[in-house]
Amino acid sequence: MYNAGKILIGLAIFFGLATFPFFYNMGKAVAKPDPKLDTPEIMKLAKQDRKCVEPKEFMRAEHMQLLNNWRDSVVRDNVRVYVNSEGKKFDMSLQNTCMRCHSNKKKFCDECHNYMAVKPYCWDCHIAPKEKES
Amino acid sequence: MSINRRQFLKIAGISTILGIGGTAVVNGLRKGDLEASQMEPNPEGLTAKRWGFVVDMSKFKSEADVKRVIASCHDIHNVPDFGNPKDEVKWIWKDDYEHVFPGQENEYATEEMKGKPFMVFCNHCAYPACVRVCPTKATFKRKDGIVMMDMHRCIGCRFCMAACPFGARSFNFRDPRGTDANGQPFIKHLDPEFPTRTKGVVEKCTGCYERLAKGKMPACVEASNGGIVFGDLEDPNSEVRKLIGKNYTIRRRPELGTQPSIYYIIGGNENA
Ligand code: SF4
Ligand code: SF4
């Protein structure tokens with residue numbers, strides 16, 4: 001092999017650079033997202049009423065699907081009342097229903113979205129509520 | 001073992017048929033019960049076969065009447081004011097007779113008519129040119145005749161602006177949430193219940209669909225003190241039809257065939 005020394009050194013540098021991020025972050029845990037549910041609006045509700053439109057587990061996994069369905073239904077079909085699994089009715093509106101309780105976009109939406117590095121474009125048009133925490 | 005072409009096509013054909021049948025049945029069921037059990041229209045919502053407007057020019061006497069009507073719309077829909085005609089975004093505005101009704105200048109253009117501020121906004125045409133050209137169906141016609149915008153879909157190609165013969169559409173050349181040189185926001189009254197738009201989309205009057213859904217009349221109608229009347233053009237007993245039946249009305253450029261749904265009473269009652 002010609003220039004074996006140079007090649008090996010080159011490889012070593014390449015390997016070092018390519019794996020740097022892994023070694024650099026090794027052993028460091030990034031804080032897990034912790035969305036907050038303690039806005040004044042939610043705390044005001046009686047304990048048994050502190051429920052989202054659907055159960056927590058469903059919302060956690062499916063809120064993006066639910067919101068997409070709401071959007072299409074409201075904008076395109078003018079059908080805007082949501083009947084949840086308990087038969088309760090809600091006005092399908094991100095700005096006027098979801099965010100009325102979750103008046104803490106930064107500590108609620110952004111908390112996980114930033115962690116996952118997703119950037120939903122909802123807020124390019126929809127107006128986020130005034131940030132409230134309790 | 002190899003299969004020949006004939007066998008391959010047979011297998012492919014059969015699996016396609018099975019496949020289509022299979023998903024159609026499953027989707028049909030799923031879709032059906034989702035829609036039936038989970039979403040319903042607002043019971044208070046106003047409905048019609050074809051919404052339309054009648055603008056009674058005798059009710060627009062002063063500049064204040066016009067301003068009030070424009071503000072009633074622009075304030076609740078977060079319409080930005082960029083302060084220059086080139087970037088202007090408007091849902092409802094005023095213009096004079098010869099620009100609103102080109103080609104009909106001589107017929108009724110009395111001195112009084114010439115000076116009048118005509119309220120103009122999207123005609124919610126029965127055969128809207130804008131809808132035909134939109135490549136993404138961002139602008140579409142609802143069953144009740146409202147020509148609606150789905151801002152989530154608009155790609156800003158501006159075909160609709162080229163197609164609309166009435167200039168009813170505006171493009172956001174700038175970020176409507178921005179501020180001018182003096183730090184003043186372009187949206188003077190931010191209504192927290194309605195979204196804004198972004199740079200790069202087209203917007204126009206949407207017939208106050210969000211108010212209709214709650215059983216309310218469009219904002220301009222409420223603010224106009226009877227100057228703008230709203231109702232079902234297909235219903236012979238509606239107020240709009242009665243007004244059209246009693247008065248001489250004209251529409252903007254009917255010769256183009258888009259069938260505008262705004263009727264203008266231009267003569268006041270004596271001229272009817
Ligand atoms: S007035 Fe223009 S924007 Fe409105 S429906 Fe007719 S063609 Fe479309
Ligand atoms: S600008 Fe938007 S609404 Fe107009 S034709 Fe293009 S996609 Fe459709």
Quick one: of A/C125, A/S73, A/P129, who has the most non-hydrogen atom pairs under 4.5 Å with chain B?
-> A/C125
Please state whether the side chain, the backbone, both or neither of A/D91 comes within less than 4.5 Å of a heavy atom of chain B.
-> side chain
Under a 4.0 Å N-O cut-off, is there an ion pair linking A/K51 with A/E86?
-> yes
Salt bridge check: are A/K89 and B/E40 linked by an N-O gap of less than 4.0 Å?
-> yes
Side chain, backbone, both or neither: which part of A/M99 has an atom under 4.5 Å from a heavy atom of chain B?
-> neither
Check whether A/D124 gets within reach of chain B through its side chain, its backbone, both or neither, counting any heavy atom under 4.5 Å.
-> both
Assert top hit (heavy-atom pairs under 4.5 Å, partner chain B, pool A/V75, A/D72, A/V74) equals A/V75
Atom CE of A/M116 with >12 non-hydrogen neighbours under 6.0 angstrom = no
Salt bridge B/R211-B/E222, side-chain N to carboxylate O under 4.0 Å | yes
Is the distance between the ring centroids of B/F230 and B/W51 under 6.0 Å?
-> yes
Do the rings of B/F186 and B/F82 sit parallel, tilted or perpendicular, given the 30° and 60° boundaries?
-> perpendicular
Non-hydrogen atoms of chain A under 4.5 Å away: do they reach the side chain of B/D175, the backbone, both or neither?
-> neither
Heavy-atom proximity to chain B below 4.5 Å, by part of A/K130 = neither
Hey, which of B/M151, B/K143, B/H152, B/K214 has the most heavy atom pairs under 4.5 Å with chain A?
-> B/H152
Contacting moiety of A/R71, where chain B heavy atoms sit under 4.5 Å = side chain
Report the option among B/D144, B/L190, B/I146, B/D150 that has the most heavy-atom pairs separated by less than 4.5 Å from atoms of chain A.
-> B/D150
Going by an N to O cut-off under 4.0 Å, is there a salt bridge joining A/R100 and B/E193?
-> yes
